[in-house]
Amino acid sequence: LLGPITDPYESLVQSIISKLLIDGPASPFYQALLDANIGADYSPGTGYDNSTKESSFSVGLQSVAKEDVDRVREIVWSTLEKVSEEGFSEKRIKAVLHQIE
């Protein structure tokens with residue numbers, strides 16, 4: 001959970017961060033999970049959701065082998081840690097902002 005969605009600016013920022021994390025082949029989760037062929041595709045509901053009182057962000061995969069479930073959890077956490085340390089490239093940020101405009 002990310003918290004209440006009472007601030008439109010915060011909601012926009014969370015939506016942009018979600019897109020940076022999961023949208024397209026250049027995104028960290030796409031590269032870490034889908035390019036690695038751990039699952040077939042993102043599961044429904046992956047990404048930022050502000051349709052309820054408390055907004056949320058989730059990442060899930062379809063068709064994950066039972067023996068890979070723990071590996072997926074580890075990759076999700078390590079990807080979030082890597083992004084928090086390294087951030088996003090300016091090129092990636094500009095591309096996502098261009099999509100929104």
Side-chain angles (χ1 to χ4, degrees):
L1 291 175
L2 300 173
I5 54 165
T6 56
D7 183 350
Y9 175 78
E10 287 297 319
S11 184
L12 175 63
V13 169
Q14 291 170 2
S15 175
I16 292 169
I17 292 171
S18 175
K19 290 179 183 305
L20 288 166
L21 286 169
I22 64 170
D23 283 3
S27 70
F29 279 117
Y30 191 102
Q31 293 174 350
L33 296 169
L34 298 177
D35 281 352
N37 292 319
I38 298 170
D41 199 357
Y42 290 126
S43 61
T46 292
Y48 175 65
D49 180 11
N50 65 350
S51 64
T52 61
K53 184 178 178 182
E54 299 282 329
S55 60
S56 64
F57 174 81
S58 64
V59 178
L61 289 176
Q62 296 177 357
S63 305
V64 175
K66 189 174 183 176
E67 60 270 11
D68 287 334
V69 170
D70 288 337
R71 182 174 170 217
V72 169
R73 273 192 206 106
E74 291 171 14
I75 291 171
V76 167
W77 285 113
S78 66
T79 301
L80 287 171
E81 288 174 359
K82 181 179 178 184
V83 168
S84 72
E85 291 170 6
E86 298 176 9
F88 300 102
S89 72
E90 185 175 343
K91 182 179 177 181
R92 176 95 178 111
I93 295 168
K94 285 182 179 181
V96 168
L97 290 176
H98 181 71
Q99 288 175 347
I100 294 170
E101 293 177 335

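Predicted model, so just to flag it, every value in this text is computed and none were measured.
Taking Asp41 as the reference, Leu34, Gln62 meet the side-chain contact (heavy atoms from CB on, under 4.5 Å) condition, with sequence neighbours excluded. Partners of Ser51 by side chain to side chain donor-acceptor pair (under 3.5 Å), not counting sequence neighbours, listed by chain and number: Asp49. Residues forming a salt bridge (Lys or Arg N to Asp or Glu O under 4.0 Å) with Lys94 (at least two apart in sequence, or on another chain): Glu90. Residues passing the side-chain contact (heavy atoms from CB on, under 4.5 Å) test with Leu12 are Ile16, sequence neighbours excluded. For Ser58, the side-chain contact (heavy atoms from CB on, under 4.5 Å) test picks out no residue, with sequence neighbours left out. Qualifying side-chain contact (heavy atoms from CB on, under 4.5 Å) partners for Asn50, counting only residues two or more places apart in sequence or in other chains: Ile5, Ser11, Tyr48, Ser55. Asp70 is linked by a salt bridge (Lys or Arg N to Asp or Glu O under 4.0 Å) to Arg73, counting only residues two or more places apart in sequence or in another chain.
Listed here is the closest heavy atom pair of Ala32 and Thr79: CB-OG1, 3.5 Å. Shown here for Lys19 and Val96, the closest heavy-atom pair between the two residues is CB-CG1, 3.8 Å. The heavy-atom pair separating Ser27 from Arg92 by the smallest distance is CB-NH2, 3.2 Å.
Classification of the Tyr30-Tyr42 ring pair by plane angle, with boundaries at 30° and 60°, yields perpendicular.
Val76 places a side-chain heavy atom less than 4.5 Å from the side chain of Phe29. The closest side-chain heavy-atom distance from Val59 to Leu21 is not below 4.5 Å.
Rounded to the nearest 0.5 angstrom, Ile22 CD1 and Thr46 OG1 are separated by 6.0 Å. Rounding to the nearest 0.5 Å places CD1 of Ile93 at 9.5 Å from CD1 of Ile17.
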